[in-house]
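Accompanying notes for the structure given below.
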Amino acid sequence: MLLDYRLRQRDFLLEISRAITAQLDLSEVLRRVLQASLAMLAGQIGVILLRDAAGAYHIQAVVGVEAAKLELLTTRITDFLRRAALLSAAEAEAQLAAIAADIDPRMKQNFALPLIFAGDSQGVLLVFRNYSIPATPDDLLVLGSFADQAAIAVHNAQLYERIDHERRRLSAILQYSADGVLILDGDRRITGVNAAFERLSGWSAADAIGRDHDAVITFQRLEGGDLNAGLAAGVFDALAADGAVNTLYVEGDLMRRDGVPVSVGIRYAPLFTADGGLTTIIANLRDITNFRQAQEMQNVFISMISHELKTPVAIIKGNAATLAREDADWDAATVRAVADVIEDESDRLAMLIENLLMTSKMQAQRRLDLMIEDVSLPLLASRAIERFASQTQQHTLAHDFPPDFPVVPGDPQRLRQVFDNLISNAIKYSPNGGVIRIDGAYDDHWVTVRVRDQGIGMSNSEREHVFERFYRADSSLSRRTQGTGLGLYLTKAIVEAHGGWVEVDSAPGRGSTFAFTLPRG
Ligand code: ADP
């Protein structure tokens, strides 16, 4: 009989440890612990309560309590546990007995065991039974071991939950990262990719996973070495100066799956096992197209600006030096001609600086401030013509506005800039001279000004881009003529800030007509 009982105890223990190791579902483990405890003590009611992080107790497993009594049980026991530390053993025993009797009056004896793991109280295991005989020390020992097992199970489950949470957090970071992420095994086979990688490379996860790194990551152009070169050079073998693992940066134009190249920077980082074996390489891909373009634009801009600024300064300086020569005695006509050149070049310089300042201001403020007043466009046109007429002998500048052309609300300073840019372009891009006409027209709501030249004109594809910042058509003429590619960009910005729009009509060799339309009110 005793042997039989011992065997059963052993079976319970075995069953519980199996439950703990076999699965990590906490409620299932607790249910089995509870059932084994009840079976061993021949109890009728069993409850396991766990403490949450805030110290409050919650029922996690229960056997033998009517649903209607569950709430009562929870409040009574929680209340009891809150005060338990202050009670003597006898008081605790008595209070527990009272609770048991409230739940089911037939209950005669109770057992309460704390669940403790590594010194931390995690909860309590309660068993009530309908008869009372003193429990053998052996019973209590086994029950204690059940409680320990339950405590281990709770701890495992909490660990598992934490790991699972961490895993889900990492996978969300990975999945929603704006950078492409590629995970490789130690043999450089792809084991995972994120959504950004799919977008960037054109490879779907399903197609990429399982393939070799080199089958998916191919470059049309490389800045330096690639992953293979890095591995061959042993980048991951040495630790960085600060003791961290070394990473490898590769930059170039990646061939997307559809054959379109895209500028990327890839950072490869290795993961090692405890004994130093390379198990995983994480590659982080960033689309650097915008960065590249900005860099290129900056380079072009700086060389262009320095050239653009130097030329008029050199001309001004040369002419001023001519006038200043002590050995020369210039006649009045020569002095005037030289002074005219100086004045024209100063105007050009001023226009260029004005354009530059306005562009950077617009970039910074993302808008254009206007000082609106009544503006006579015919007056602005004739003044502009006066300014430019002296700069060219080859061109005839003429304007034609209806006599009753209305004044419009506008910023005269900025609209003057529009005329200057359009007229100076008309002169620059008609190297063989010709007529430059400025016409005005209006209706009830709008006024339109056209600047027409007989110059080199432009192709359809050039027409699409002329209003872009820094754009200059790639003709031999525009390469020879000075320009920053800002004039039309600013012209468009100014006109649009007035609530209007610009248009261009042109064909190669047939001259160009730029028109801008402004609202009358
Ligand atoms: P840029 O300083 O180069 O003149 P713009 O923004 O004023 O810059 O003009 C952009 C480009 O548009 C020019 O480089 C030129 O190729 C083209 N373009 C502008 N105006 C004309 C025109 N009247 N005839 C032909 N091409 C023009």
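Atoms within each ligand, like the ligands themselves, are counted from 1 in listed order. In this text, all values refer to a predicted model and were calculated from it rather than measured experimentally. The figures here come from the full heavy-atom set of this structure, side chains too, leaving out hydrogens, waters and symmetry mates. The first residue in the sequence is number 1, and the count goes up from there.
Residue contacts with ligand 1: H465 is excluded, as none of its non-hydrogen atoms falls under 4.0 Å. Within the 4.0 Å heavy-atom cutoff, N421 does not count among the residues contacting ligand 1.
Using a 4.5 Å heavy-atom cutoff, the side chains of S430 and Q454 are not in contact. Here the side chains of V447 and P406 are in contact, with some heavy-atom distance below 4.5 Å.
Contacts between E462 and ligand 1 below 4.0 angstrom, taking non-hydrogen atoms only, are absent altogether. Only the side chain of M458 comes within 4.0 Å of ligand 1, judged by heavy-atom distances. Within the 4.0 Å heavy-atom criterion, the part of F514 lying near ligand 1 is the side chain and not the backbone.
Near G487, meaning under 4.0 Å from one of its heavy atoms, ligand 1 places the atoms 5 (P), 6 (O), 7 (O). Using a 4.0 Å cut-off to heavy atoms of L486, the atoms of ligand 1 that qualify are 6 (O), 8 (O). Below 4.0 Å from some heavy atom of Y471 lie the following atoms of ligand 1, by number and element: 10 (C), 11 (C). Under a 4.0 Å criterion applied to the non-hydrogen atoms of G485, ligand 1 contributes the atoms 1 (P), 2 (O), 3 (O), 6 (O), 8 (O). Heavy-atom contacts of G457 reach the following atoms of ligand 1: 25 (C) (cutoff under 4.0 Å). Taking a cut-off of under 4.0 Å to the non-hydrogen atoms of V466, the atoms of ligand 1 that pass are 10 (C), 12 (O), 17 (C). Every atom of ligand 1 with a heavy atom of K428 under 4.0 Å away is listed here by number and element: 1 (P), 2 (O), 4 (O).
Checked against the 6.0 Å centroid criterion, the rings of H399 and F419 do not qualify as a close aromatic pair. Centroid-to-centroid, the aromatic rings of F401 and Y442 stay 6.0 Å apart or farther.
With no hydrogens or angles considered, no side-chain donor-acceptor pair links D505 and T513 at under 3.5 Å.
Evaluated by nearest non-hydrogen atom to atom 2 (O) of ligand 1, the leading choice among L352, V504, I427, T484 is T484.
With salt bridges taken as basic N to acidic carboxylate O contacts below 4.0 Å, none links D443 and R520. For the pair R348 and E354, the salt-bridge criterion is not met [side-chain N within less than 4.0 Å of a carboxylate O].
The number of heavy atoms from other shown groups lying within 6.0 Å of CZ (F291) does not exceed 12.
Looking at ligand 1, you'll find an N or O of R472 within less than 3.5 Å of one of its N or O atoms. Checked by distance only, ligand 1 and I456 stay at 3.5 Å or farther apart across all their nitrogen or oxygen atoms. At least one N or O atom of A473 sits closer than 3.5 Å to an N or O atom of ligand 1.
Taking the six-membered ring for Trp and thresholds of 30 and 60 degrees, H155 and F117 have nearly parallel ring planes, at less than 30 degrees apart.
Minimum heavy-atom separation, T359 to Y489: CG2-CE2, 3.9 Å.
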